[in-house]
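Nothing here was measured: the structure is a model prediction, and the numbers come from that model. Chain letters run A, B, ... following the sequence lines, proteins first and then strands; every chain starts at 1.
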There are 2 protein chains.
Amino acid sequence: MDGSLETRELAHFLAVAEDLHFSRAAARLGIAQPALSRTVRRLERRLGVTLFVRTSRAVALTPAGRVLASEARRALDAVDAAARRTRRAGAAEPHLVLAMKAGGDAGLLAAVLATYEGDPDACPVRVLFRTDRVGALRDGHADAALVFDRLDDLRGLDTEPLLTEPRAAVLPASHPLAARDSLCLADLRDAPVHRPGDGTEAASLTELLQLVALGRTVAVVPRSVAAGLRHDLVGVPLTDAPPVTLLLAWPAHSTSPAVAALARAVRAACPGGDPVDA
Amino acid sequence: MDGSLETRELAHFLAVAEDLHFSRAAARLGIAQPALSRTVRRLERRLGVTLFVRTSRAVALTPAGRVLASEARRALDAVDAAARRTRRAGAAEPHLVLAMKAGGDAGLLAAVLATYEGDPDACPVRVLFRTDRVGALRDGHADAALVFDRLDDLRGLDTEPLLTEPRAAVLPASHPLAARDSLCLADLRDAPVHRPGDGTEAASLTELLQLVALGRTVAVVPRSVAAGLRHDLVGVPLTDAPPVTLLLAWPAHSTSPAVAALARAVRAACPGGDPVDA
DNA sequence: CGGGATCGATAACCTCGGGGCATGGACGGG
DNA sequence: CCCGTCCATGCCCCGAGGTTATCGATCCCG
């Protein structure tokens with residue numbers, strides 16, 4: 001019942017929760033198994049809750065253990081974020097980290113950054129190419145990110161829209177449907193369609209297009225991405241796929257003036273955004 | 001550098017950041033001042049960042065220190081939430097805590113709870129009366145809350161609407177405007193209007209109405225609140241105050257089936273909600 | 001059915017770091 | 001100029017957290 005849980009305890013617990021094996025988890029943490037056993041036991045005593053059911057052959061999470069596993073992940077992310085953001089803020093030359101997928105800016109980023117640099121609160125922007133941009137915001141690897149609504153999970157984030165655009169299918173030039181002016185989703189019924197965010201996420205646009213060129217998949221992407229393809233690929237507008245919005249996103253609790261300035265720059269440079277109600 | 005920050009370090013740092021005085025902060029933490037000084041110094045060494053500028057007469061936060069103060073609060077809230085939610089989940093008889101302001105349910109809660117109890121994932125609901133319901137969600141004191149959009153800060157929360165309703169002004173029966181059928185905000189221009197969320201938050205509806213009865217203020221409240229007033233008070237519809245929506249809210253990262261069931265119950269019992277786009 | 005392998009818990013020991021007390025040193029005020 | 005305030009430093013102690021050795025339970029297999 002006394003003091004708060006310590007970060008180390010949570011991290012150790014989480015290691016066990018993740019591979020359900022004390023010895024392996026201990027090895028992963030670089031400590032001996034008995035120490036880990038004790039830490040977890042103490043955690044259980046402090047919480048007054050059983051987190052694991054252990055038999056000598058198997059370890060399983062209790063319902064309370066599952067709750068803690070999920071909450072501990074958030075908490076540790078928050079602690080990591082605190083450290084990373086503080087280090088960044090205190091760095092000799094502080095900067096802002098913007099996470100995006102390469103090619104995922106619809107060509108608007110340059111203009112936004114140009115506007116941004118005029119702001120008195122601006123500081124240098126470092127671009128981080130990364131697939132899991134939302135995760136990067138949560139754990140402090142990034143201060144802002146370019147994301148798509150409907151494809152990314154925006155909960156816990158504040159956003160500013162840059163552009164709403166319809167989607168297009170990307171096909172090999174040799175594909176029977178490649179000559180069409182437009183397609184609807186039903187046309188792709190039989191094709192192995194790849195949609196961002198369906199778990200088979202490609203690490204980069206290049207990888208994705210490679211797969212398309214090989215005939216392994218068909219991609220559904222925002223229309224701006226489908227412009228300027230390699231010559232062996234064709235982008236065809238999709239009429240019935242709901243449009244997606246490209247957004248600048250940042251943690252809802254952010255207090256950084258530099259992030260606020262970046263949001264202002266987006267608002268100024270991108271008239272596409274819906275004005276917020278008054 | 002090396003390992004993560006410990007929660008104790010963050011808590012100690014935060015104490016200093018809050019009153020900018022090592023000795024007082026140490027007293028508040030129940031430890032001696034030298035220990036606190038050292039903890040903070042170590043934290044600075046680990047982060048490689050200066051958090052305070054100290055003269056022997058004053059202590060001030062650096063910009064990086066301000067960042068850490070804000071991030072540390074979030075992180076500590078998350079750690080506390082982890083402990084509280086885990087304890088609740090592991091309690092002999094687990095339950096769900098719903099935070100609300102007394103009278104802030106527009107009379108819908110009973111029906112929602114009745115629906116909820118039929119759900120297989122349901123568990124007993126404990127109601128927590130509290131002004132800062134969003135804070136209660138963040139630090140784990142509550143699992144869900146009844147909040148109002150436009151009055152509460154909903155960032156980081158998932159929500160399900162119960163009811164959208166216009167607002168009304170509450171006046172003393174003797175007030176010159178009390179006889180009117182409706183009012184607009186301009187009519188109240190000269191009155192000392194109290195709006196929820198403007199910092200002079202009343203601890204309870206009763207307190208607020210007390211102030212109105214005393215002629216100290218005029219209240220703007222959702223219309224359902226203005227029904228059934230004491231005889232010396234009058235509610236008058238406001239024509240131009242934007243309507244507010246009463247929402248069930250819960251942390252965006254929640255994975256609790258009981259909370260999900262409660263959201264379902266709201267959806268079932270309150271046809272007022274906008275269906276989310278598909 | 002018995003022996004070995006696996007895996008978590010326990011026990012005994014050690015080390016280090018956080019906390020306490022006493023004191024030093026810088027600075028401002030009367 | 002001396003005193004009071006306030007943070008930093010030095011030194012000691014204790015407990016938390018780590019290590020190795022070992023036990024006990026369980027399953028696999030011959």
Of the nucleotides [options], which one has an atom closest to the side chain of [X]?
{"X": "A:His21", "options": "C:dC7, D:dC7, C:dA22", "answer": "C:dC7"}
{"X": "B:Phe22", "options": "D:dT20, D:dC7, C:dG8", "answer": "D:dC7"}
{"X": "B:Arg54", "options": "D:dC7, C:dA9, C:dG19", "answer": "D:dC7"}

- Task: Without swapping roles, check the side chain of B:Arg138 against the backbone of B:Asp77 for a donor-acceptor pair under 3.5 Å.
- Result: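 Checked: no pair found.
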- Query: If only atom types and distance count, is the side chain of A:Thr115 paired as donor or acceptor with the main-chain N or O of A:Ala265 below 3.5 Å?
  - Reply: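 Not confirmed, A:Thr115 side chain does not pair with A:Ala265 backbone.
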Rounded to the nearest angstrom, tell me the gap between atom [atom1] in [X] and atom [atom2] in [N].
{"X": "B:Glu44", "N": "D:dA8", "atom1": "CD", "atom2": "C1'", "answer": "12 Å"}
{"X": "B:Glu6", "N": "C:dC16", "atom1": "CD", "atom2": "P", "answer": "18 Å"}
{"X": "B:Leu36", "N": "C:dG17", "atom1": "CG", "atom2": "C1'", "answer": "16 Å"}
{"X": "B:Arg45", "N": "D:dT9", "atom1": "CZ", "atom2": "C1'", "answer": "13 Å"}
{"X": "A:Gln33", "N": "C:dC7", "atom1": "CD", "atom2": "C1'", "answer": "7 Å"}
{"X": "B:Leu51", "N": "D:dC7", "atom1": "CG", "atom2": "P", "answer": "15 Å"}
{"X": "B:Leu43", "N": "C:dG19", "atom1": "CG", "atom2": "P", "answer": "13 Å"}
{"X": "A:Arg42", "N": "C:dG8", "atom1": "CZ", "atom2": "C1'", "answer": "17 Å"}

- Message: Both A:Thr55 and B:Glu9 contact DNA chain C. Which one's nearest nucleotide lies toward the 5' end?
- Response: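 So the residue in question is A:Thr55.
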Hey, is the side chain of [X] poking within less than 4.0 Å of OP1 or OP2 on [N], counting only N and O atoms?
{"X": "A:Thr39", "N": "D:dG17", "value": "no"}
{"X": "A:Arg38", "N": "D:dG18", "value": "no"}
{"X": "B:Ser23", "N": "D:dC7", "value": "yes"}
{"X": "A:Ser37", "N": "C:dG8", "value": "no"}

- Item | Note: B:Arg54-B:Glu44 ion pair, threshold 4.0 Å (strictly below) |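 Yes, charged N to carboxylate O under 4.0 Å.
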- Item | Carboxylate-amine/guanidinium proximity below 4.0 Å for A:Glu18 and A:Arg73 |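 Looking at A:Glu18 and A:Arg73, the cut-off is met.
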- State which residues pass side chain to side chain contact (heavy atoms under 4.5 Å, CB included) with B:Ala89; sequence neighbours excluded, sorted by chain then number.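 A:Ala64, A:Val67.
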- Message: Please classify the nucleic acid contact of A:Ala32 as base, sugar-phosphate, or nothing, using heavy-atom distances under 4.0 Å.
- Response: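 It contacts base atoms.
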- Task: For B:Arg8 and for B:Arg41, locate the closest nucleotide of DNA chain D by heavy-atom distance; then report the residue assigned to the nucleotide nearer the 5' terminus.
- Result: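 Looking at DNA chain D, the more 5' nearest nucleotide goes with B:Arg41.
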